[in-house]
Structure formats: C-alpha cells, structure tokens
Amino acid sequence: MGPHPAVAAIRLAVRRVLHDVLTLAPTSSSPQGAGEPPLVLVACSGGADSMALASALAFEAPRLGVRAGGVTVDHGLQQGSDLRAAEVVSRLTALDLDPVEAVRVDVGREGGPEAAARDARYAALDAVAERHGAAAILLGHTRDDQAETVLLGLARGSGIRSLSGMATASGVGGRYRRPFLGLDRQTARKACMVQSLPVWDDPHNVDPAYTRSRVRHEALPVLEKALGKGVVEALARTAQLSRDDADALDSWAAAAESSVRDDSGDLEVAKLYALPPAVRRRVLRRAVIAAGSPPGSLFARHLEEVDRLITGWRGQGAINLPGRVAVRRQGGRLVIRQG
C-alpha cells in the first residue's frame, strides 16, 4: 500500500525540485569538502507547510543522493520565540536532517513589519546558504500563498510583475525553490496529520494587524462566497500567465536599454518616447535601480512621475526617488544621479 495521496503529492513535488538541483549542481561547493553531493536546506518555521516540506525532503533526499539540512529563523517578535526555534531544530533533527540550525535576526521597521521581517529572514537564509555551500533552499509557499500575493499586488496597483506573484525559483542562481506552489495549503496540513508531524500555528497568521492575515481570513473568503470556489486556483493561474508576460517585457526592455542611451550614458527622451509604455517604464526602472534606488522601495507611482518627464513635460523639476536618486530632464536627456 502506497503513501497517503497528500504525502505522495508533496514527495513528488520535492522529488522534481531535487532532480532539477542535481542537474544544475551535481556536486557541492561546500567548504566542508569538495566533491560532496549537493546540500539542500529547508527553511522551516514549524508550521504545517514547512514541516510537510521538511518531511518530504528528509524522505526523498537520501534516495537521490542529496544531502538535506534545515534552518529556522527566529525573528524575535514574540515572547518565547527562542524556545520555539529550539523546538523546530529538535523536530528537524528528528527527521535526520543535517546540518540543522536556528538563526536569530533583528527585524527593522523599513517598509512595515511584514516587509522588514521578510528582508531580515532572506538575509539570514542567504548567509546560511553561503556558509554551508547549499545548492538550494526550499520554501513552503503554497498555491494559497500565491493567491494572496497576487491579490495584494492587485490591490497595490503595482503592475504585471507584482501580479506574477512568487517564482518557483528565485534568488541568486535560483537558490530559493518553492515546490508547493502547485499544491494547496490543505494538502500540506493533511500530510502532516497522517504522518503525525507536530505543527505550530503562528498567531501572526490570524492577527488582523497584518495585511496578509486580513487577505487570508477576510478578503479571500468574501471573494469565494461572491464568485464561487476556484478563486485561489484562478489567482494562481493569473500569476503564471502574468509572469510569462512580465518576463517577455523585461527581456525586451533589457535589449532596448542600450539603444536609448547616448555616449555619456544618459537616456535620450525622444528614443524613450518611441518605446511602448510597458517597455519604457521597465527601462526607467532598470536605470534608476542601477543608479542606486532600492528595488523594494520603488513603486509604480515613482515610475509614473519619472515617465511624465518624457510624456508630459511641462518644465517640472527633478523627481526624487528612494535611495537619494534624482531624475531630471535636461537638454533632451534624462539625467539620473544619486546624491
């Protein structure tokens, strides 16, 4: 008799990712020893999604000759978070994952609590991956998480890239992998239940003070009640279609950028004007990021203001952007400088 369907589904998703990792990184660059099998880490909070992911990795990795470890990030935002992190380490160790560690981070305030926690978490995971020479870090984001991300992007009016949600692979060299984007949250929870895996339900996930929590427990249920079941699947499908379109437009913009710069490296207004708006705004975004504007702080409204220097020129002054980057129109050129 085979495993429960939920367990089989999560194992298959992880197996596919591990095959991909083996193809791209047949041996590890770990400082512990050259020529070792690649190391794959699971980022685990102790919740159902990441515990299901950890159990699937622990099962599949030895069968494919992959080393498997785990890491949990202690954000220090709740009383007893250090004890919770130690408990997660114990659970991962019990699954025979090695290495396993907990990392404490200091969460700032820039961009709001959710964004600050995310930035601190990914910085910590990057550091762990570099230290151990990990080929990949698996993240437990599900199709439900993808739907929430798309809905948040839609509400913010951030454009098609925001609607594309989370990629199956992201980070430096595709370091971060999300095997569960095609699976719903209930599948992961069911897999934990049938395997008797203990899980922790983060109270922040039901706290209405957090935007994502309100989307999860208020907005999506209202949409499903009004529109019927299938909203989550439709939003996740929108993410993939949007990502395909955004990737194509990004490639077009990357190719067009050099053709609209003059000998000094400034952007020529007339040539920018001739580009389709979607491509032009991408060229502008690339240019201001290259000048020092942080991508996470650069929003659609910023690019709209810069775009008006091209399409609605009325003699307006410089546009000030995050990262102390200023954009001004000068003699038929866009001059972008930091400082």
Quick one: is the NZ or CZ of Arg214 closer than 6.0 Å to the six-membered ring centre of Tyr210, and within 45° of its axis? no
Would you say Gln146 and Val232 make side-chain contact, with heavy atoms under 4.5 Å?
-> no
Any heavy-atom pair between the side chains of Asp184 and Thr187 that's under 4.5 Å? yes
Open item on the list: What I want to find out is whether Asp250 reaches Arg286 closely enough, with some N-O distance under 4.0 Å, to be called a salt bridge.
Closed with: no
Between Asp266 and Arg337, is the salt bridge (Lys or Arg N to Asp or Glu O under 4.0 Å) condition met? List the steps.
CA-CA 10 Å; Asp266 293 328; Arg337 298 290 186 268; 3.3 Å; yes
Cationic N near anionic O, under 4.0 Å, Arg161 to Asp247: yes
Q: State, yes or no, whether a side-chain contact exists between Val17 and Val40 at a heavy-atom distance under 4.5 Å.
A: no
Taking the basic N atoms (NZ, or NE/NH1/NH2) and the acidic carboxylate oxygens, is any pair closer than 4.0 Å for Arg67 and Asp98? no
Test item: Ser259 side-chain N/O and Ala256 main-chain N/O as donor-acceptor pair under 3.5 Å | yes
task: Please check if the side chain of Arg143 supplies one atom and the backbone of Leu183 the other of a donor-acceptor pair under 3.5 Å.
output: no
Exercise for the section: Answer whether the closest heavy-atom distance between the side chains of His75 and Ser81 falls below 4.5 Å. Expected result: no
Consider only side-chain heavy atoms of I, L, V, M, F, W and Y, link residues closer than 4.5 Å, and tell whether Val7 and Val42 are in one cluster.
no
Before giving the answer on salt bridge (Lys or Arg N to Asp or Glu O under 4.0 Å), spell out for Arg261 and Glu268 the whole-Å C-alpha distance, their side-chain angles and the decisive distance to 0.1 Å. CA-CA 6 Å; Arg261 289 190 181 274; Glu268 298 186 54; over 6 Å; no
State whether the side chain of Ser293 and the backbone N or O of Pro322 hold a donor-acceptor pair below 3.5 Å, judged by distance alone. yes
salt_bridge(Arg178, Asp145) N-O dist < 4.0 Å
no
- Message: Closer than 4.0 angstrom, basic N to acidic O: yes or no for Glu148 and Arg212?
- Response: yes
**Asked** Is the CD atom of Glu224 crowded by more than 12 outside heavy atoms at less than 6.0 Å?
**Response** yes
I'd like to know if the side chain of Arg16 and the backbone of Pro179 have a donor-acceptor N/O pair within less than 3.5 Å. no
Check your understanding: Are Gln195 and His4 linked by a side-chain donor-acceptor pair shorter than 3.5 Å?
Key -> no
query = Charged N to carboxylate O below 4.0 Å: is that the case for Glu130 and Arg175?
reply = yes
Pairing of Arg131 and Glu101 as salt bridge, 4.0 angstrom limit
yes
- prompt: Under 3.5 Å, side chain of Asp49 to main-chain N/O of His141, donor-acceptor pair present?
  reply: no
Min side-chain heavy-atom separation Leu138-Leu41 under 4.5 Å
no
I'd like to know if the side chain of Arg189 and the backbone of Arg185 have a donor-acceptor N/O pair within less than 3.5 Å. no
TODO: Dump the intermediate steps for salt bridge (Lys or Arg N to Asp or Glu O under 4.0 Å) on Arg84 and Asp74, then the final yes or no.
DONE: CA-CA 8 Å; Arg84 174 63 57 188; Asp74 175 11; over 6 Å; no
Measure the shortest side-chain to side-chain distance between Leu151 and Leu223 over non-hydrogen atoms and say whether it is less than 4.5 angstrom.
yes
Practice prompt. Under the salt bridge (Lys or Arg N to Asp or Glu O under 4.0 Å) rule, what do Arg104 and Asp82 come out as? Steps first, then yes or no, please.
Written response: CA-CA 8 Å; Arg104 178 68 179 259; Asp82 56 336; 5.7 Å; no
Thinking salt bridges, do Glu87 and Arg91 make one under a 4.0 Å N-O criterion? yes
Q.
Within the 4.5 Å heavy-atom criterion, are Asp126 and Tyr176 side-chain neighbours or not?
A. yes
ask   = Given the rule that I, L, V, M, F, W and Y join up when any side-chain heavy atoms are under 4.5 Å apart, are Leu57 and Leu12 in one cluster?
value = no
Could you check if a side-chain atom of Val269 sits within less than 4.5 angstrom of a side-chain atom of Leu334, using non-hydrogen atoms only? yes
**Asked** Could Asp262 and Arg333 be called an ion pair, given the rule that one side-chain N must be under 4.0 Å from one carboxylate O?
**Response** yes
